[in-house]
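A short worksheet on the structure shown next.
All values derive from a computational prediction rather than experimental measurement.
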Amino acid sequence: MSNIKSNSRKERISIRSFSLWMVFLALVFLFFVYPFLKMLNFGVWTEDGFSTTYFEILGETRIQSAIRNTIWIAIFATLINTVLGVFFAWLVAYTDIRGKKLLQILIIMPLIIPSYIVTLSWVEFSRWLPFGNIDLYSLGGIIFVMGISHYTLVYLLSVNVLRRIPLSLEEAVSTSGGSRWHVLFRVTIPLGMTGIIGGMIVAVLSNIENFGVPAFLGIPGNVPVLSTAIYQEVVSYGSDSFARGSILSFVLILITGFIILMQWLMMRRFRSNDELNISHTPRVLLGRGRVWVEILVYGFLVVTSIVPLFALVRTSLSPFYGVDLTFENMTFKNFEYVLFDYNSTASAIQNSFMLAFLAALIGLVISLVIGYAIVRHNKWYHRLNEMFMAIPYSLPGTVLALSLIIFWIQPFPGVRPGVYSTFWILLIAYVARFTILQVRAAVSSFNQIDLSLEQAAISSGAGWFGRWKSIIMPLLTPGLIGGILLVVFTALTELTLSALLWSSGNETIGVVVFSFEQAGYKVYSSAFSVIIIGILLVGGIIYYALTTWIERRTHVDENNHKKRS
(Lines give C-alpha, C1' and ligand atoms only; values in the text may rest on other atoms or scores of the structure.)
Protein backbone atom coordinates (compact mmCIF):
# COMPACT_ATOMS: atom_id res chain seq x y z
CA MET A 1 0.00 0.00 0.00
CA SER A 2 2.83 2.40 0.87
CA ASN A 3 4.50 1.68 -2.51
CA ILE A 4 1.25 2.52 -4.32
CA LYS A 5 0.95 5.81 -2.42
CA SER A 6 4.58 6.63 -3.11
CA ASN A 7 4.19 5.95 -6.85
CA SER A 8 0.98 7.99 -6.93
CA ARG A 9 2.75 10.90 -5.24
CA LYS A 10 5.67 10.72 -7.69
CA GLU A 11 3.23 10.67 -10.61
CA ARG A 12 1.43 13.78 -9.30
CA ILE A 13 4.78 15.59 -8.87
CA SER A 14 5.79 14.56 -12.38
CA ILE A 15 2.54 15.87 -13.88
CA ARG A 16 2.82 19.10 -11.91
CA SER A 17 6.44 19.54 -13.00
CA PHE A 18 5.55 18.89 -16.65
CA SER A 19 2.68 21.40 -16.46
CA LEU A 20 4.97 24.07 -14.99
CA TRP A 21 7.55 23.47 -17.72
CA MET A 22 4.87 23.78 -20.40
CA VAL A 23 3.84 27.14 -18.95
CA PHE A 24 7.49 28.19 -18.88
CA LEU A 25 7.94 27.03 -22.47
CA ALA A 26 4.90 29.05 -23.55
CA LEU A 27 6.29 32.18 -21.87
CA VAL A 28 9.69 31.69 -23.50
CA PHE A 29 8.02 31.28 -26.88
CA LEU A 30 5.93 34.42 -26.30
CA PHE A 31 8.87 36.65 -25.31
CA PHE A 32 11.69 35.15 -27.38
CA VAL A 33 10.12 33.81 -30.59
CA TYR A 34 6.63 35.18 -31.25
CA PRO A 35 7.71 38.84 -31.80
CA PHE A 36 9.99 37.67 -34.60
CA LEU A 37 7.22 35.64 -36.25
CA LYS A 38 4.81 38.55 -35.96
CA MET A 39 7.33 40.87 -37.60
CA LEU A 40 7.76 38.49 -40.55
CA ASN A 41 3.99 38.22 -40.95
CA PHE A 42 3.67 42.01 -40.71
CA GLY A 43 5.98 42.68 -43.63
CA VAL A 44 5.43 39.76 -45.94
CA TRP A 45 1.69 39.15 -45.61
CA THR A 46 -1.25 41.55 -45.73
CA GLU A 47 -5.00 41.10 -45.53
CA ASP A 48 -4.99 40.50 -49.28
CA GLY A 49 -2.25 37.86 -49.15
CA PHE A 50 1.42 38.08 -50.12
CA SER A 51 2.65 41.68 -50.14
CA THR A 52 3.55 43.01 -53.61
CA THR A 53 5.54 45.74 -51.87
CA TYR A 54 8.20 43.07 -51.43
CA PHE A 55 9.11 43.14 -55.14
CA GLU A 56 8.77 46.92 -55.37
CA ILE A 57 11.29 47.45 -52.57
CA LEU A 58 13.74 44.93 -54.00
CA GLY A 59 13.55 46.79 -57.30
CA GLU A 60 14.75 50.05 -55.77
CA THR A 61 18.32 51.01 -56.68
CA ARG A 62 19.25 51.95 -53.11
CA ILE A 63 18.02 48.63 -51.70
CA GLN A 64 19.81 46.64 -54.38
CA SER A 65 22.95 48.57 -53.51
CA ALA A 66 22.42 47.77 -49.79
CA ILE A 67 22.08 44.05 -50.54
CA ARG A 68 25.12 44.09 -52.81
CA ASN A 69 27.23 45.98 -50.26
CA THR A 70 26.17 43.59 -47.50
CA ILE A 71 27.31 40.60 -49.57
CA TRP A 72 30.66 42.23 -50.48
CA ILE A 73 31.29 43.05 -46.82
CA ALA A 74 30.38 39.48 -45.83
CA ILE A 75 32.88 38.06 -48.33
CA PHE A 76 35.90 40.33 -48.04
CA ALA A 77 35.72 41.29 -44.35
CA THR A 78 35.34 37.61 -43.45
CA LEU A 79 38.31 36.76 -45.66
CA ILE A 80 40.44 39.24 -43.68
CA ASN A 81 39.01 37.88 -40.41
CA THR A 82 39.85 34.31 -41.38
CA VAL A 83 43.42 34.97 -42.55
CA LEU A 84 44.28 36.99 -39.43
CA GLY A 85 42.37 34.76 -37.00
CA VAL A 86 43.85 31.49 -38.25
CA PHE A 87 47.36 32.96 -38.41
CA PHE A 88 47.24 34.19 -34.81
CA ALA A 89 45.64 30.92 -33.64
CA TRP A 90 48.43 28.95 -35.29
CA LEU A 91 51.05 31.31 -33.85
CA VAL A 92 49.74 30.93 -30.28
CA ALA A 93 48.95 27.19 -30.49
CA TYR A 94 51.99 25.99 -32.43
CA THR A 95 54.99 28.28 -32.05
CA ASP A 96 57.36 29.28 -29.27
CA ILE A 97 56.66 33.00 -29.63
CA ARG A 98 57.22 34.78 -26.31
CA GLY A 99 54.68 36.68 -24.24
CA LYS A 100 51.63 34.65 -25.25
CA LYS A 101 49.46 36.08 -22.46
CA LEU A 102 50.12 39.63 -23.63
CA LEU A 103 49.66 38.49 -27.20
CA GLN A 104 46.23 37.07 -26.43
CA ILE A 105 45.18 40.28 -24.63
CA LEU A 106 46.11 42.31 -27.71
CA ILE A 107 44.26 39.86 -29.97
CA ILE A 108 41.09 40.01 -27.85
CA MET A 109 41.07 43.82 -27.49
CA PRO A 110 39.09 44.50 -30.72
CA LEU A 111 36.33 42.25 -29.38
CA ILE A 112 36.16 43.99 -25.99
CA ILE A 113 36.04 47.54 -27.32
CA PRO A 114 32.70 48.32 -29.07
CA SER A 115 32.95 48.37 -32.85
CA TYR A 116 31.69 51.96 -33.06
CA ILE A 117 34.54 53.13 -30.81
CA VAL A 118 37.01 51.15 -32.91
CA THR A 119 35.54 52.92 -35.95
CA LEU A 120 35.90 56.36 -34.37
CA SER A 121 39.47 55.64 -33.34
CA TRP A 122 40.41 54.60 -36.88
CA VAL A 123 38.74 57.66 -38.38
CA GLU A 124 40.83 59.86 -36.08
CA PHE A 125 43.99 57.80 -36.60
CA SER A 126 43.67 58.05 -40.40
CA ARG A 127 43.72 61.85 -40.12
CA TRP A 128 47.18 61.81 -38.51
CA LEU A 129 48.89 59.39 -40.90
CA PRO A 130 51.92 60.98 -42.61
CA PHE A 131 50.96 59.77 -46.10
CA GLY A 132 47.61 61.54 -46.16
CA ASN A 133 44.03 61.09 -45.11
CA ILE A 134 42.48 57.72 -45.91
CA ASP A 135 38.81 57.76 -46.85
CA LEU A 136 37.20 55.30 -44.45
CA TYR A 137 33.72 56.57 -45.34
CA SER A 138 33.52 54.03 -48.14
CA LEU A 139 32.79 50.37 -48.79
CA GLY A 140 36.51 49.63 -48.57
CA GLY A 141 36.72 51.50 -45.27
CA ILE A 142 33.86 49.47 -43.80
CA ILE A 143 35.45 46.21 -44.98
CA PHE A 144 38.82 47.22 -43.50
CA VAL A 145 37.45 48.18 -40.06
CA MET A 146 35.30 45.04 -39.83
CA GLY A 147 38.23 42.97 -41.03
CA ILE A 148 40.46 44.08 -38.15
CA SER A 149 37.59 44.09 -35.62
CA HIS A 150 36.17 40.57 -35.98
CA TYR A 151 39.22 38.35 -36.59
CA THR A 152 39.22 37.67 -32.83
CA LEU A 153 36.10 35.52 -33.33
CA VAL A 154 37.97 33.23 -35.74
CA TYR A 155 40.95 33.13 -33.39
CA LEU A 156 38.89 32.16 -30.31
CA LEU A 157 37.13 29.29 -32.09
CA SER A 158 40.29 28.01 -33.79
CA VAL A 159 43.09 28.18 -31.22
CA ASN A 160 41.99 25.29 -28.97
CA VAL A 161 40.99 23.15 -31.95
CA LEU A 162 44.56 23.49 -33.24
CA ARG A 163 45.93 22.67 -29.79
CA ARG A 164 43.95 19.41 -29.82
CA ILE A 165 45.44 18.12 -33.07
CA PRO A 166 47.48 14.97 -32.19
CA LEU A 167 51.20 15.59 -32.50
CA SER A 168 51.69 11.97 -33.57
CA LEU A 169 49.83 12.54 -36.84
CA GLU A 170 52.01 15.50 -37.76
CA GLU A 171 55.17 13.60 -36.81
CA ALA A 172 54.06 10.70 -39.02
CA VAL A 173 53.86 13.00 -42.05
CA SER A 174 57.22 14.56 -41.20
CA THR A 175 59.02 11.21 -40.78
CA SER A 176 57.57 10.13 -44.12
CA GLY A 177 59.46 12.97 -45.80
CA GLY A 178 56.75 15.60 -45.70
CA SER A 179 57.75 19.25 -45.36
CA ARG A 180 56.15 21.76 -43.01
CA TRP A 181 53.83 22.78 -45.82
CA HIS A 182 52.73 19.15 -46.26
CA VAL A 183 52.04 18.92 -42.52
CA LEU A 184 50.13 22.20 -42.63
CA PHE A 185 47.86 21.33 -45.57
CA ARG A 186 47.46 17.60 -44.98
CA VAL A 187 47.04 17.49 -41.20
CA THR A 188 46.81 20.86 -39.45
CA ILE A 189 44.26 22.65 -41.63
CA PRO A 190 41.98 19.59 -42.32
CA LEU A 191 41.84 18.66 -38.61
CA GLY A 192 41.41 22.29 -37.59
CA MET A 193 38.59 22.97 -40.05
CA THR A 194 35.81 22.55 -37.46
CA GLY A 195 37.16 25.52 -35.51
CA ILE A 196 38.09 27.50 -38.61
CA ILE A 197 34.67 27.05 -40.23
CA GLY A 198 32.91 27.80 -36.94
CA GLY A 199 34.94 30.99 -36.55
CA MET A 200 34.30 31.99 -40.16
CA ILE A 201 30.55 31.60 -39.75
CA VAL A 202 30.45 33.60 -36.52
CA ALA A 203 32.59 36.29 -38.19
CA VAL A 204 30.47 36.51 -41.34
CA LEU A 205 27.28 36.72 -39.29
CA SER A 206 28.85 39.47 -37.17
CA ASN A 207 29.88 41.34 -40.32
CA ILE A 208 26.38 41.08 -41.79
CA GLU A 209 24.47 42.14 -38.68
CA ASN A 210 26.94 44.79 -37.48
CA PHE A 211 25.32 48.20 -37.15
CA GLY A 212 27.98 50.38 -35.53
CA VAL A 213 30.61 50.34 -38.28
CA PRO A 214 28.27 50.96 -41.26
CA ALA A 215 26.29 53.51 -39.23
CA PHE A 216 29.38 55.58 -38.44
CA LEU A 217 31.01 55.13 -41.86
CA GLY A 218 28.30 54.10 -44.31
CA ILE A 219 25.54 56.58 -43.46
CA PRO A 220 27.72 59.73 -43.83
CA GLY A 221 29.54 58.11 -46.78
CA ASN A 222 26.27 57.12 -48.51
CA VAL A 223 27.17 53.43 -48.48
CA PRO A 224 23.96 51.60 -47.52
CA VAL A 225 23.91 48.09 -46.08
CA LEU A 226 20.90 46.10 -44.92
CA SER A 227 21.40 46.76 -41.19
CA THR A 228 21.50 50.55 -41.64
CA ALA A 229 18.78 50.44 -44.32
CA ILE A 230 16.42 48.81 -41.79
CA TYR A 231 17.31 51.47 -39.23
CA GLN A 232 16.74 54.33 -41.69
CA GLU A 233 13.39 52.90 -42.78
CA VAL A 234 12.14 52.61 -39.20
CA VAL A 235 13.29 56.07 -38.07
CA SER A 236 11.81 57.70 -41.19
CA TYR A 237 8.36 57.35 -39.52
CA GLY A 238 6.62 56.94 -42.88
CA SER A 239 3.22 55.32 -43.17
CA ASP A 240 4.80 52.08 -44.40
CA SER A 241 8.16 52.35 -42.63
CA PHE A 242 7.61 49.29 -40.41
CA ALA A 243 6.41 47.20 -43.35
CA ARG A 244 9.43 48.20 -45.44
CA GLY A 245 11.75 47.50 -42.52
CA SER A 246 10.14 44.09 -42.04
CA ILE A 247 10.68 43.19 -45.68
CA LEU A 248 14.34 44.20 -45.51
CA SER A 249 14.62 42.17 -42.30
CA PHE A 250 13.24 39.17 -44.15
CA VAL A 251 15.95 39.58 -46.82
CA LEU A 252 18.64 39.83 -44.15
CA ILE A 253 17.29 36.70 -42.45
CA LEU A 254 17.37 34.80 -45.76
CA ILE A 255 21.04 35.68 -46.17
CA THR A 256 21.73 34.67 -42.57
CA GLY A 257 19.85 31.40 -43.00
CA PHE A 258 21.79 30.59 -46.17
CA ILE A 259 25.09 31.10 -44.32
CA ILE A 260 24.00 28.86 -41.43
CA LEU A 261 22.93 26.18 -43.94
CA MET A 262 26.33 26.37 -45.64
CA GLN A 263 28.00 25.96 -42.26
CA TRP A 264 25.96 22.84 -41.55
CA LEU A 265 26.82 21.34 -44.93
CA MET A 266 30.53 22.10 -44.56
CA MET A 267 30.76 20.87 -40.96
CA ARG A 268 29.38 17.47 -42.01
CA ARG A 269 32.58 16.85 -43.94
CA PHE A 270 34.87 17.31 -40.95
CA ARG A 271 35.21 15.47 -37.67
CA SER A 272 35.41 17.30 -34.37
CA ASN A 273 38.40 16.62 -32.10
CA ASP A 274 36.84 17.98 -28.90
CA GLU A 275 37.45 14.71 -27.07
CA LEU A 276 41.23 15.10 -27.38
CA ASN A 277 43.38 16.81 -24.76
CA ILE A 278 44.68 20.34 -25.23
CA SER A 279 48.44 20.58 -25.69
CA HIS A 280 50.35 23.78 -24.88
CA THR A 281 53.71 22.43 -26.04
CA PRO A 282 55.22 24.44 -28.94
CA ARG A 283 55.46 22.35 -32.11
CA VAL A 284 57.22 24.89 -34.33
CA LEU A 285 60.43 26.54 -33.12
CA LEU A 286 60.93 29.93 -34.76
CA GLY A 287 64.68 29.83 -34.18
CA ARG A 288 66.75 32.85 -35.14
CA GLY A 289 63.83 34.50 -36.86
CA ARG A 290 61.75 34.60 -33.66
CA VAL A 291 62.76 38.17 -32.80
CA TRP A 292 61.69 39.46 -36.22
CA VAL A 293 58.41 37.54 -36.04
CA GLU A 294 57.72 39.04 -32.61
CA ILE A 295 58.54 42.55 -33.83
CA LEU A 296 56.19 42.21 -36.81
CA VAL A 297 53.36 40.53 -34.87
CA TYR A 298 53.42 42.80 -31.83
CA GLY A 299 53.93 45.82 -34.05
CA PHE A 300 50.86 44.91 -36.11
CA LEU A 301 48.71 44.36 -33.02
CA VAL A 302 49.85 47.59 -31.34
CA VAL A 303 49.20 49.60 -34.50
CA THR A 304 45.76 48.07 -35.11
CA SER A 305 44.54 47.78 -31.50
CA ILE A 306 46.19 50.48 -29.40
CA VAL A 307 47.61 53.32 -31.51
CA PRO A 308 44.21 54.34 -32.99
CA LEU A 309 42.94 54.76 -29.43
CA PHE A 310 45.64 57.34 -28.79
CA ALA A 311 44.41 59.23 -31.84
CA LEU A 312 40.96 59.19 -30.25
CA VAL A 313 42.41 60.60 -27.02
CA ARG A 314 44.21 63.26 -29.03
CA THR A 315 40.96 64.38 -30.67
CA SER A 316 39.16 64.39 -27.31
CA LEU A 317 41.73 66.87 -25.96
CA SER A 318 41.54 69.21 -28.98
CA PRO A 319 39.64 72.51 -28.62
CA PHE A 320 38.01 72.06 -32.05
CA TYR A 321 37.82 69.26 -34.54
CA GLY A 322 40.59 69.39 -37.12
CA VAL A 323 42.86 71.62 -35.04
CA ASP A 324 46.38 70.32 -34.41
CA LEU A 325 46.82 69.47 -30.75
CA THR A 326 49.62 71.23 -28.86
CA PHE A 327 50.43 71.66 -25.18
CA GLU A 328 49.18 75.24 -25.43
CA ASN A 329 45.71 74.43 -26.79
CA MET A 330 45.17 71.11 -24.97
CA THR A 331 41.85 71.20 -23.10
CA PHE A 332 39.68 69.04 -20.89
CA LYS A 333 36.56 71.08 -21.61
CA ASN A 334 35.21 68.37 -23.91
CA PHE A 335 35.19 65.92 -20.99
CA GLU A 336 33.69 68.59 -18.72
CA TYR A 337 30.88 69.22 -21.19
CA VAL A 338 30.18 65.53 -21.76
CA LEU A 339 30.17 64.64 -18.06
CA PHE A 340 28.58 67.68 -16.46
CA ASP A 341 26.97 70.02 -18.97
CA TYR A 342 25.25 67.62 -21.38
CA ASN A 343 22.14 66.38 -19.60
CA SER A 344 21.79 63.06 -21.43
CA THR A 345 25.24 61.73 -20.52
CA ALA A 346 24.63 61.04 -16.84
CA SER A 347 21.26 59.44 -17.51
CA ALA A 348 22.75 57.39 -20.37
CA ILE A 349 25.47 55.98 -18.10
CA GLN A 350 22.90 55.26 -15.40
CA ASN A 351 20.49 53.66 -17.88
CA SER A 352 23.20 51.49 -19.43
CA PHE A 353 24.42 50.23 -16.05
CA MET A 354 20.86 49.53 -14.87
CA LEU A 355 19.96 47.74 -18.09
CA ALA A 356 23.16 45.70 -18.09
CA PHE A 357 22.90 44.56 -14.47
CA LEU A 358 19.13 43.94 -14.52
CA ALA A 359 19.43 41.92 -17.74
CA ALA A 360 22.30 39.95 -16.18
CA LEU A 361 20.35 39.25 -12.97
CA ILE A 362 17.21 38.14 -14.82
CA GLY A 363 19.35 36.03 -17.14
CA LEU A 364 21.09 34.50 -14.11
CA VAL A 365 17.82 33.23 -12.64
CA ILE A 366 16.68 31.84 -15.99
CA SER A 367 20.06 30.25 -16.71
CA LEU A 368 20.18 28.49 -13.32
CA VAL A 369 16.77 26.93 -13.94
CA ILE A 370 17.39 25.96 -17.57
CA GLY A 371 21.02 24.94 -17.06
CA TYR A 372 20.25 22.57 -14.17
CA ALA A 373 17.27 21.08 -15.98
CA ILE A 374 19.27 20.42 -19.16
CA VAL A 375 22.26 18.84 -17.43
CA ARG A 376 20.45 16.82 -14.76
CA HIS A 377 17.22 15.86 -16.60
CA ASN A 378 17.67 16.75 -20.31
CA LYS A 379 14.03 16.48 -21.42
CA TRP A 380 12.97 17.54 -24.91
CA TYR A 381 11.19 20.63 -23.60
CA HIS A 382 14.32 21.76 -21.75
CA ARG A 383 16.30 21.68 -24.99
CA LEU A 384 13.44 23.40 -26.80
CA ASN A 385 13.57 26.22 -24.24
CA GLU A 386 17.28 26.63 -24.92
CA MET A 387 16.68 26.67 -28.68
CA PHE A 388 13.95 29.33 -28.36
CA MET A 389 16.27 31.49 -26.24
CA ALA A 390 19.02 31.21 -28.85
CA ILE A 391 16.87 32.68 -31.63
CA PRO A 392 17.04 36.37 -30.54
CA TYR A 393 20.83 36.16 -30.24
CA SER A 394 21.19 34.60 -33.69
CA LEU A 395 19.03 37.30 -35.28
CA PRO A 396 20.63 40.54 -36.51
CA GLY A 397 20.16 43.23 -33.86
CA THR A 398 18.14 45.54 -36.07
CA VAL A 399 15.79 42.68 -36.93
CA LEU A 400 15.25 41.84 -33.25
CA ALA A 401 14.65 45.51 -32.39
CA LEU A 402 12.06 45.90 -35.15
CA SER A 403 10.37 42.66 -34.04
CA LEU A 404 10.01 43.98 -30.50
CA ILE A 405 8.66 47.34 -31.73
CA ILE A 406 5.96 45.69 -33.83
CA PHE A 407 5.05 43.20 -31.10
CA TRP A 408 4.93 45.53 -28.09
CA ILE A 409 2.94 48.29 -29.76
CA GLN A 410 0.01 45.87 -29.77
CA PRO A 411 0.91 42.28 -28.76
CA PHE A 412 -2.64 41.06 -29.28
CA PRO A 413 -5.73 42.72 -30.79
CA GLY A 414 -6.95 45.45 -28.45
CA VAL A 415 -4.02 45.03 -26.04
CA ARG A 416 -1.68 48.03 -25.73
CA PRO A 417 0.58 47.59 -22.67
CA GLY A 418 2.41 50.88 -23.17
CA VAL A 419 5.85 49.25 -23.14
CA TYR A 420 7.07 50.75 -26.41
CA SER A 421 9.18 53.94 -26.05
CA THR A 422 9.95 53.17 -22.40
CA PHE A 423 12.87 51.86 -20.39
CA TRP A 424 11.15 48.47 -20.18
CA ILE A 425 11.30 47.63 -23.88
CA LEU A 426 15.08 48.12 -23.72
CA LEU A 427 15.26 45.75 -20.76
CA ILE A 428 13.09 43.18 -22.56
CA ALA A 429 15.35 43.48 -25.60
CA TYR A 430 18.53 43.02 -23.57
CA VAL A 431 17.12 39.99 -21.74
CA ALA A 432 15.96 38.42 -24.99
CA ARG A 433 19.28 39.14 -26.69
CA PHE A 434 21.79 38.10 -24.05
CA THR A 435 20.18 35.45 -21.81
CA ILE A 436 21.41 32.61 -24.01
CA LEU A 437 25.02 33.60 -23.17
CA GLN A 438 24.34 32.92 -19.49
CA VAL A 439 22.40 29.74 -20.26
CA ARG A 440 25.39 28.34 -22.18
CA ALA A 441 27.74 29.36 -19.35
CA ALA A 442 25.45 27.69 -16.79
CA VAL A 443 25.20 24.47 -18.82
CA SER A 444 28.99 24.36 -19.10
CA SER A 445 29.38 24.97 -15.36
CA PHE A 446 26.80 22.34 -14.35
CA ASN A 447 28.55 19.79 -16.59
CA GLN A 448 31.74 20.29 -14.59
CA ILE A 449 30.07 19.45 -11.26
CA ASP A 450 30.40 15.77 -10.49
CA LEU A 451 26.99 14.25 -9.70
CA SER A 452 28.63 12.20 -6.94
CA LEU A 453 29.03 15.38 -4.87
CA GLU A 454 25.27 15.90 -4.85
CA GLN A 455 24.63 12.22 -4.15
CA ALA A 456 27.04 12.33 -1.21
CA ALA A 457 25.21 15.36 0.18
CA ILE A 458 21.84 13.59 -0.19
CA SER A 459 23.11 10.49 1.57
CA SER A 460 24.34 12.77 4.37
CA GLY A 461 20.81 14.12 4.81
CA ALA A 462 21.24 17.47 3.04
CA GLY A 463 18.05 18.92 1.59
CA TRP A 464 17.57 20.84 -1.65
CA PHE A 465 18.53 24.19 -0.13
CA GLY A 466 21.55 22.73 1.65
CA ARG A 467 22.89 21.13 -1.55
CA TRP A 468 22.60 24.38 -3.48
CA LYS A 469 24.09 26.49 -0.70
CA SER A 470 27.00 24.26 0.26
CA ILE A 471 27.92 22.48 -2.98
CA ILE A 472 26.30 23.64 -6.21
CA MET A 473 26.52 27.44 -5.91
CA PRO A 474 30.15 27.58 -4.70
CA LEU A 475 31.25 25.38 -7.61
CA LEU A 476 29.07 27.26 -10.11
CA THR A 477 30.24 30.71 -9.07
CA PRO A 478 33.27 31.12 -11.40
CA GLY A 479 31.29 30.16 -14.50
CA LEU A 480 28.28 32.24 -13.47
CA ILE A 481 30.45 35.27 -12.74
CA GLY A 482 31.96 34.90 -16.20
CA GLY A 483 28.51 34.73 -17.79
CA ILE A 484 27.24 37.72 -15.82
CA LEU A 485 30.20 39.91 -16.68
CA LEU A 486 30.07 38.87 -20.33
CA VAL A 487 26.47 40.10 -20.48
CA VAL A 488 27.24 43.24 -18.47
CA PHE A 489 30.16 44.27 -20.68
CA THR A 490 28.27 43.45 -23.87
CA ALA A 491 25.07 45.20 -22.84
CA LEU A 492 26.82 48.19 -21.30
CA THR A 493 28.04 49.54 -24.65
CA GLU A 494 25.31 48.05 -26.86
CA LEU A 495 24.13 50.21 -29.77
CA THR A 496 22.22 48.15 -32.34
CA LEU A 497 19.11 47.49 -30.23
CA SER A 498 19.23 50.85 -28.48
CA ALA A 499 19.46 52.83 -31.72
CA LEU A 500 15.90 51.76 -32.61
CA LEU A 501 14.37 51.31 -29.15
CA TRP A 502 15.58 54.34 -27.17
CA SER A 503 13.35 57.28 -26.33
CA SER A 504 13.91 60.65 -24.68
CA GLY A 505 15.19 60.13 -21.15
CA ASN A 506 16.09 56.50 -21.91
CA GLU A 507 19.30 57.07 -23.86
CA THR A 508 22.15 54.59 -23.50
CA ILE A 509 25.91 55.04 -23.76
CA GLY A 510 25.98 53.88 -27.38
CA VAL A 511 23.10 56.15 -28.35
CA VAL A 512 24.83 59.24 -26.92
CA VAL A 513 28.03 58.53 -28.87
CA PHE A 514 25.96 57.91 -32.02
CA SER A 515 24.01 61.16 -31.47
CA PHE A 516 27.20 63.19 -31.04
CA GLU A 517 28.64 61.70 -34.21
CA GLN A 518 25.47 62.26 -36.26
CA ALA A 519 25.35 65.89 -35.11
CA GLY A 520 28.99 66.42 -36.13
CA TYR A 521 30.29 66.91 -32.57
CA LYS A 522 33.34 64.68 -33.06
CA VAL A 523 35.34 66.09 -30.14
CA TYR A 524 32.45 65.19 -27.83
CA SER A 525 31.97 61.70 -29.29
CA SER A 526 35.73 61.14 -28.93
CA ALA A 527 35.72 62.36 -25.32
CA PHE A 528 32.79 60.16 -24.34
CA SER A 529 34.40 57.18 -26.12
CA VAL A 530 37.57 57.69 -24.07
CA ILE A 531 35.43 57.66 -20.92
CA ILE A 532 33.81 54.40 -22.04
CA ILE A 533 37.22 52.82 -22.66
CA GLY A 534 38.22 53.87 -19.13
CA ILE A 535 35.09 52.23 -17.71
CA LEU A 536 35.81 49.01 -19.64
CA LEU A 537 39.44 49.04 -18.48
CA VAL A 538 38.43 49.38 -14.82
CA GLY A 539 35.80 46.68 -15.30
CA GLY A 540 38.36 44.36 -16.88
CA ILE A 541 40.74 44.80 -13.93
CA ILE A 542 37.92 44.11 -11.46
CA TYR A 543 36.85 41.06 -13.48
CA TYR A 544 40.39 39.64 -13.52
CA ALA A 545 40.89 40.18 -9.79
CA LEU A 546 37.45 38.79 -8.91
CA THR A 547 37.72 35.65 -11.05
CA THR A 548 41.23 34.93 -9.75
CA TRP A 549 40.04 35.18 -6.15
CA ILE A 550 36.93 33.06 -6.79
CA GLU A 551 38.88 30.36 -8.63
CA ARG A 552 41.25 30.02 -5.69
CA ARG A 553 38.38 29.85 -3.19
CA THR A 554 36.49 27.36 -5.35
CA HIS A 555 39.54 25.13 -5.72
CA VAL A 556 39.95 25.03 -1.94
CA ASP A 557 36.20 24.38 -1.36
CA GLU A 558 36.14 21.59 -3.96
CA ASN A 559 39.10 19.84 -2.32
CA ASN A 560 37.43 20.13 1.08
CA HIS A 561 34.18 18.61 -0.26
CA LYS A 562 36.09 15.70 -1.80
CA LYS A 563 37.88 15.04 1.48
CA ARG A 564 34.57 15.04 3.39
CA SER A 565 32.89 12.71 0.89
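- For the pair Trp292/Leu286, no side-chain contact is recorded, criterion being any heavy-atom separation below 4.5 Å from C-beta on.
- A donor-acceptor pair is defined here as one N or O able to donate and one able to accept, closer than 3.5 Å; such a pair exists between the side chain of Ser126 and the backbone of Val123.
- Formation of a donor-acceptor pair under 3.5 Å by the Ser347 side chain with backbone atoms of Ser344 is found in this model.
- Looking at Asn334, its side chain does come within 3.5 Å of a backbone N or O of Ser318 through a donor-acceptor pair.
- Note that OG of Ser249 is 7.5 Å distant from CD1 of Ile406, once rounded to the nearest 0.5 Å.
- By the neighbour-count criterion of 12 heavy atoms within 6.0 Å, atom OH of Tyr521 is sparsely surrounded, having that number or fewer from other residues, nucleotides or ligands.
- A donor-acceptor contact shorter than 3.5 Å is absent between the side chain of Ser526 and the backbone of Val523.
- Counting only distance, with no hydrogens or angles, the side chain of Asn506 and the backbone of Leu501 share no donor-acceptor pair below 3.5 Å.
- When all heavy atoms of Leu106 and Ser305 are compared, the pair lying nearest together is O-OG, 3.5 Å.
- The CD atom of Glu507 sits 11.5 Å away from the CD atom of Gln350 when rounded to the nearest 0.5 Å.
- Shown are Tyr116, Phe144, Phe310, Tyr137; of these, the ring pair (Phe, Tyr, Trp, His ring centres under 6.0 Å) with Trp122 is made only by Phe144.
- Between Val313 and Ile533, the closest side-chain pair of non-hydrogen atoms is not below 4.5 Å.
- Remark: the backbone N or O of Phe216 is not paired with any side-chain donor or acceptor of Thr119 at under 3.5 angstrom.
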- Message: Before you tell me yes or no, could you show the steps for Glu294 and Arg98 under salt bridge (Lys or Arg N to Asp or Glu O under 4.0 Å), namely the whole-Å CA-CA distance, both residues' side-chain angles and the distance that decides it to 0.1 Å?
- Response: CA-CA 8 Å; Glu294 290 169 348; Arg98 289 169 291 190; 2.8 Å; yes
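- Under the 4.5 Å side-chain criterion, counting only non-hydrogen atoms from C-beta, Met109 is in contact with Ile113.
- The number of heavy-atom neighbours closer than 6.0 Å to CG of Asn343, taken from other residues, nucleotides and ligands shown, is 12 or below.
- Taking all atoms of both residues into account, the shortest heavy-atom contact from Thr256 to Pro396 is OG1-CG, 4.1 Å.
- Scanning both residues, Val511 and Leu495, for their nearest heavy atoms gives N-CD1, 3.9 Å.
- Between the side chain of Asn69 and the main chain of Ser65, a donor-acceptor pair closer than 3.5 Å is present.
- For the pair Asn351 (side chain) and Gly505 (backbone), a donor-acceptor distance under 3.5 Å is present.
- A heavy-atom distance below 4.5 Å is found between the side chains of Asn210 and His150.
- Thr95 places none of its side-chain heavy atoms less than 4.5 Å from the side chain of Val293.
- For Phe423, the CZ atom sits in a packed shell: over 12 heavy atoms of surrounding residues, nucleotides or ligands are nearer than 6.0 Å.
- The line from CD1 of Ile484 to CZ of Phe357 is 9.5 Å long, rounded to the nearest 0.5 Å.
- A pairwise comparison of heavy atoms in Leu156 and Val159 identifies O-CG1, 3.9 Å as the closest pair.
- Although no hydrogens or angles enter the test, the distance criterion places a donor-acceptor pair under 3.5 Å between the side chain of Thr152 and the main chain of Ile107.
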